[in-house]
Amino acid sequence: MRAEILTSLRRVLRDHRRGFAIWAAALSAITFFYMSFWPTMGQAMVDAIEGMPQGLMAAMGYDRIGTAAGYLEAVVYGLLGPVLLLVHGIALGGRLIAGQEEDGTLELDFAAPVSRARLYWERLAAAWLLVTGLVAAITLAVLVSNPLFDLDVSPANVVAAGVGLWLLVGGFVTAAFAVGAATGRRGLAVGVVAGLAVITYVFRGVANAAGIEVYAALSPLSWFLRPDPLANGLDLASTLQLAAITLVAAPVGLWRFRRRDLMT
Amino acid sequence: MTTPVIRTRGLVKDYGRTRALAGLDLEVQAGEVYGFIGPNGAGKSTTIRILLDLLRPTAGEAEVLGQAPAAGGPALRARIGYLPGELAMPARVTAREQLAHLAALRGGRGSERVDALAERFTLDLDRPLRALSRGNKQKLGVIQAFMHEPELLILDEPTSGLDPLLQHEFLDLVRETSARGATVFMSSHVLREVESVADRVAVIREGRTVDVDSVRGLRARAGQRVSLTFAEAPDLAAFEALDAVRDVRLEGATLHCLLHGEPDALLKLAARSRVTHWAARDLDLEDLFMDVYRYGPDGVDGANGVRDAR
């Protein structure tokens, strides 16, 4: 008899339920907290950055911080959201196969009547559910505080930005998961993918400050924010670009995972 | 003859430049309790992990229940119970949750036997796994391996961490499992842990099978240490000339030797003089294995006796 369906997925959710609750609560609280600054800080921001070098402000994504959509983008979608989610998500992705393989807690799962492919997809799906929940927590915090603090950003556009953030973070989580599954080395997976995430930030900064388009083309963070989802809504090309990270990384990771030695 | 439950031929496994298995041959028949003995690092766990398709062999063949582990896949693993040598458990869940998870991975099989086995091994199912001692974790490992009543049990160092009472209980469980027709393949670095239940034993060293025999056969080959005290010091050369006797020493009027096979010739020679005291003791099988470990297959070449290899 084969494994009951979703056993591995449920197990990941069980293992992470407490961590998830804490992260979801913290992310909503932080988001709400920063949103609450807008009414008092909005004009002050504009004044504050007036004397600052234009290039630096553009690199930080603060050049439009005087508008509600610009403030939301600079603070939540360009900085806090991706940084916190990527830090947590990349660690999670590296842990779900490679980390637990290294500490031995997956050995009995590997030896059970479940195929490596099933184990891989179920654990990856669980990672996506956790990411979905955390992005939803941020999105809800924005939607709730939006009218409270007079930001006047269209809720549809908030959801569109949420979709972009979801695909961006999910892509990096999948990459960390896939590298971990392909190599069995958690440190390697987290290191490589965290490095790519840092490069993504640097490239976006360089692209914005110096206007060098090739850097924007290479930075998933630019793919997400360039079309300005908070002002323009969902952009199809950008959405597909972000989804491509996952669609490429996931099968490659599985291909290698099915062929290699486990627990060495 | 029926298909062996486990069969390997010329099994080789390299980790980078390190050769863990160097052409291992094994044949375990259905219904056997089979001991797999070797020092740490001899390749026991590597072999076991190949049988479970955790590792893929570099060369050679492995078959479990008639199928290559990779080809058999999940359907083959459903017929095996596995106890890892180093059991790591997730910290936050309880033993009950962990066993329910493992049962679900096996299509729900075994969950109905959890309570009875937990009672038998006195394991508290409702404590989180991080609070369990090494012995209690090992109990959990034993329960999960046996609970779905698999056809084949592959147990890597199963008794490590269990106290003597539970070791006894565990060996009873192995006997019951064997009685219902299942095959048990268990590794150990000490023969003592398997000799009371194993039908046959394979000894491996540096990735090769160096010896396969029944426990009784091994014991016979290990021989006896014999001491004979005479009224007057005997002629050493006459005793040294005997075929079945090795390692002859004289200590005053007491002759010490190692006997393999029948004692007849030794006794008849000794009886020509007056014997005032005698003692014979079965050689500990551990001594035999220490020699196999140290000197390899030649050290147990039956006809020559163990000690000659020195």
Side-chain angles (χ1 to χ4, degrees), chain A residues 1-22 92 95-123 126 181-186 254-264, chain B residues 13-16 18 20 45-46 48-58 69-70 72-94 97-111 129-130 137 140-141 144-145 148 150 154 156:
Chain A
M1 264 203 287
R2 303 281 283 264
E4 286 169 8
I5 194 149
L6 300 185
T7 303
S8 298
L9 181 146
R10 277 182 289 145
R11 183 47 184 275
V12 174
L13 299 182
R14 164 68 186 88
D15 285 346
H16 292 271
R17 68 184 181 194
R18 192 146 56 130
F20 172 81
I22 293 168
L92 176 76
R95 168 155 181 75
L96 284 185
I97 284 186
Q100 289 200 250
E101 181 181 342
E102 283 178 343
D103 70 20
T105 52
L106 268 185
E107 183 163 16
L108 290 174
D109 296 64
F110 289 148
V114 57
S115 69
R116 291 191 194 179
R118 167 91 81 84
L119 193 78
Y120 184 94
W121 290 122
E122 286 199 10
R123 293 183 80 83
T183 62
R185 302 279 174 266
R186 193 191 77 91
L254 176 62
W255 181 83
R256 184 69 200 129
F257 179 58
R258 293 178 69 175
R259 276 156 190 81
R260 74 176 174 87
D261 288 341
L262 304 178
M263 320 276 313
T264 52
Chain B
K13 180 65 191 174
D14 293 334
Y15 299 114
T18 315
S45 294
T46 298
I48 284 173
R49 286 179 168 166
I50 288 174
L51 299 178
L52 286 152
D53 193 36
L54 297 174
L55 304 177
R56 308 276 161 77
T58 306
L76 176 58
R77 290 197 296 278
R79 300 162 69 187
I80 304 174
Y82 170 49
L83 174 63
E86 275 176 37
L87 192 59
M89 295 280 186
R92 291 217 184 108
V93 297
T94 63
E97 279 177 292
Q98 177 70 358
L99 290 168
H101 168 68
L102 292 169
L105 281 178
R106 295 162 188 165
R109 282 190 312 155
S111 48
L129 294 180
R130 67 162 171 271
K137 282 186 185 146
L140 180 65
Q144 64 80 27
H148 56 305
I154 297 182
D156 197 355

Are there more than 12 heavy atoms of other residues, nucleotides or ligands under 6.0 Å from atom [atom1] of [X]?
X	atom1	value
B:R92	CZ	no
A:R259	CZ	yes
A:R186	CZ	no

Quiz item: Is any residue of residues 97-106 of chain A within less than 4.5 Å of chain B by heavy atoms, and which ones?
Solution: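 Listed by number, the contacting residues are A:D103, A:G104, A:T105.
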
Quiz item: So which part of A:R18 gets closer than 4.5 Å to some heavy atom of chain B, the side chain, the backbone, both or neither?
Solution: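 The answer is the side chain of A:R18.
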
Tell me, for [X] versus chain A, whether the close heavy atoms (under 4.5 Å) come from the side chain, the backbone, both or neither.
X	answer
B:L102	side chain
B:E86	backbone
B:Y82	both

Are [X] and [Y] close enough that some pair of their side-chain heavy atoms sits under 4.5 Å apart?
X	Y	result
B:P90	A:R11	yes
B:L87	A:L108	yes
B:R49	A:D261	no

Practice problem: Kindly say whether A:A112 contributes a backbone atom to a donor-acceptor pair with the side chain of B:R106 at under 3.5 angstrom? | Solution: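 No; zero donor-acceptor contacts below 3.5 Å.
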
Quiz prompt | Among the listed options A:R260, A:R10, A:R116, the residue most often paired with chain B at heavy-atom distances under 4.5 Å | solution =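 Counting heavy-atom pairs under 4.5 Å, the top option is A:R116.
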
Quiz item: So which heavy atom on A:S115 is nearest to which on B:P74, and how close?
Solution: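 What the structure gives for the nearest pair is N-CG, 3.5 Å.
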
Self-check item: Closest non-hydrogen atom pair, A:P113 against B:L105
Solution: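 Scanning both residues, the minimum pair turns out to be CD-O, 3.5 Å.
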
Quiz item: What distance do B:D156 atom CG and A:E107 atom CD have between them, rounded to the nearest 0.5 Å?
Solution: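 It is 8.5 Å, given to the nearest 0.5 Å.
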
